[in-house]
Amino acid sequence: MDRYNDSIDRLPADFRWGVATSAYQIEGAVAEDGRTPSIWDTLCRVPGAIDNADTGDVACDHYHRMPEDVALIRSLGLDTYRFSVSWPRVQPGGTGPANEAGLGFYDRLVDELLAGGITPWLTLYHWDLPQELEDAGGWPARDTAYRFADYAELVYQRLGDRVEHWTTFNEPWCSAVLGYVQGVHAPGRRDFADGVRAVHHLHLAHGLAVQRLRALAPAGRPLDLAVTQLLSNAIPATDSEVDREAARRADALGFRMYLDPILRGSYPEDLVTDLARRGVEIPVQDGDLEVISSPIDTLGVNYYRSGKSSGHAEDGSTTDADGLPVTRHLPIGGLPVTHLDWEVMPEDFTRLLLRISRDYPGIPLVITENGAAYDDKPDATGFVADADRTEYLASHLAAVAEARAGGADVRGYFAWSLLDNFEWAYGYDKRFGIVRVDYETQERTPKQSALWLRDTIARVRATGRQGRE
Ligand code: GBH
């Protein structure tokens with residue numbers, strides 16, 4: 001792994017080092033202390049929806065083992081912990097008053113973190129919409145955005161005195177596209193126009209919450225407002241006009257649709273044209289884009305994989321049954337892959353970060369997720385010598401350092417994930433943790449990658465560059 005150190009050691013001594021999780025993936029305790037079901041509890045009961053019929057009912061039992069997990073974070077020398085709040089835990093049903101017992105859990109978590117010298121980095125929404133709000137229409141319904149702003153306010157009222165870093169949404173693309181278009185994530189719906197409506201209402205919810213929190217924060221109290229997006233480059237499969245057009249469409253629908261409204265106050269024109277050809281309109285009302293583009297302080301970037309775009313279907317045709325142009329995602333080829341068959345290409349991460357900072361200048365970036373699933377083989381003591389995951393983290397950290405050297409203002413890096421956990425539609429079989437979880441005993445064992453990260457953090461803190469480059 002040492003061959004990455006020349007790059008990694010260019011990171012600054014005050015670089016932020018974190019690790020990330022999300023509520024439904026680790027907490028368990030789904031029916032305790034007044035929590036009501038979310039759309040994920042519902043999807044987990046649909047036959048065939050989740051590999052092995054796994055559910056988040058118990059997960060890593062973090063709800064009952066939180067102090068132990070905070071101690072683990074501390075033992076690895078991490079300075080920041082990114083977690084999410086479960087909406088149906090703190091506001092059952094998604095409307096009405098706060099549930100004290102549910103909020104109390106996050107209150108204790110925040111105190112535990114602060115007592116251990118760890119900065120809380122709070123995400124309000126990591127995909128667990130209260131089922132009642134889905135029954136009322138879910139994200140394709142505009143009203144859900146206003147419900148979210150109320151929820152954000154209620155959490156801020158309780159934790160705002162101690163939590164400085166607030167992220168509204170984790171990966172709106174996943175909620176909208178995987179949840180409402182492809183139907184592989186909750187709530188499992190399949191309608192392209194609903195997906196487009198969901199995107200707009202997720203953006204609106206973000207903007208409304210940003211305005212609420214900004215207004216609630218007393219003068220002089222620090223407040224860092226952010227949104228986290230899943231981003232990657234759209235690389236044309238070949239230099240042909242057809243493939244370059246496919247990459248442009250993929251970039252409009254998968255990248256610029258998520259950054260332009262928030263950071264530029266408009267949807268891309270080519271996106272609007274592409275959608276119109278499909279008979280779909282974004283349900284923008286007067287004033288929405290002003291709300292959506294309310295200033296934020298940080299952009300969270302989640303990055304996992306690369307791929308390329310082709311304008312040709314498998315049979316070679318360039319239009320589909322409806323006469324619309326084909327946009328197909330393809331592997332790049334010839335690259336190592338993870339347990340999920342995701343291709344590993346760290347140089348593309350550097351390119352992505354440079355592109356974001358060129359096209360959306362002035363906003364500090366934090367890598368809020370990066371990591372990989374590998375088919376870990378524990379030894380007799382439960383230790384996992386995960387050279388593959390360690391290599392993934394090292395090469396991607398080096399890629400971040402290269403992007404910084406090229407001018408990208410990246411302030412921190414959070415590994416996904418602290419623990420092996422419920423990997424959504426893949427259940428527990430796909431492990432992303434830097435810490436092994438034995439699901440029989442709930443025992444936690446740091447993997448080689450966790451120890452490597454601990455040592456790397458200590459070295460960069462001691463020898464890294466002083467101040468920002
Ligand atoms: C992130 O999503 C999430 O924020 C995090 O919760 C998740 O654990 C992590 O990545 C690792 O996946 O094959 O159709 O079932 C990144 C986006 C979400 C992309 C899950 C792949 C599976 C879709 N990933 N998704 S599907």
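Read the numbers this way: they start at 1 and go in the same order the structure lists the ligands and their atoms.
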May I ask you to decide if the ring planes of Tyr374 and Tyr392 are parallel, tilted or perpendicular, using 30° and 60° as cut-offs? perpendicular

Ligand 1: which protein N/O atoms lie under 3.5 Å from its N/O atoms?
unit_1	atom_1	unit_2	atom_2	d
ligand 1	2 (O)	Glu171	OE1	2.8
ligand 1	2 (O)	Glu171	OE2	3.2
ligand 1	4 (O)	His126	NE2	3.2
ligand 1	4 (O)	Asn170	ND2	2.9
ligand 1	4 (O)	Glu171	OE1	3.3
ligand 1	4 (O)	Glu171	OE2	3.4
ligand 1	4 (O)	Glu369	OE1	2.9
ligand 1	4 (O)	Glu369	OE2	2.9
ligand 1	6 (O)	Gln25	OE1	2.8
ligand 1	6 (O)	His126	NE2	2.8
ligand 1	6 (O)	Trp424	NE1	2.9
ligand 1	8 (O)	Gln25	NE2	2.9
ligand 1	8 (O)	Trp416	NE1	3.1
ligand 1	8 (O)	Glu423	OE1	2.6
ligand 1	10 (O)	Tyr304	OH	3.2
ligand 1	10 (O)	Glu369	OE1	3.4
ligand 1	12 (O)	Glu423	OE2	2.6
ligand 1	13 (O)	Tyr426	OH	2.4

Please determine whether a side-chain nitrogen of the Lys or Arg among Asp107 and Arg162 lies less than 4.0 Å from a carboxylate oxygen of the Asp or Glu. yes

With sequence neighbours excluded, what pairs up with His165 under the ring pair (Phe, Tyr, Trp, His ring centres under 6.0 Å) test? Trp121

Charged N-O contact under 4.0 Å between Arg248 and Asp251: no

Establish, yes or no, whether a centroid distance under 6.0 Å links the rings of Phe15 and Tyr413. no

Sole residue of Trp139, Tyr24, Tyr151 in ring-ring contact (aromatic ring centres under 6.0 Å, His included) with Tyr125: Trp139

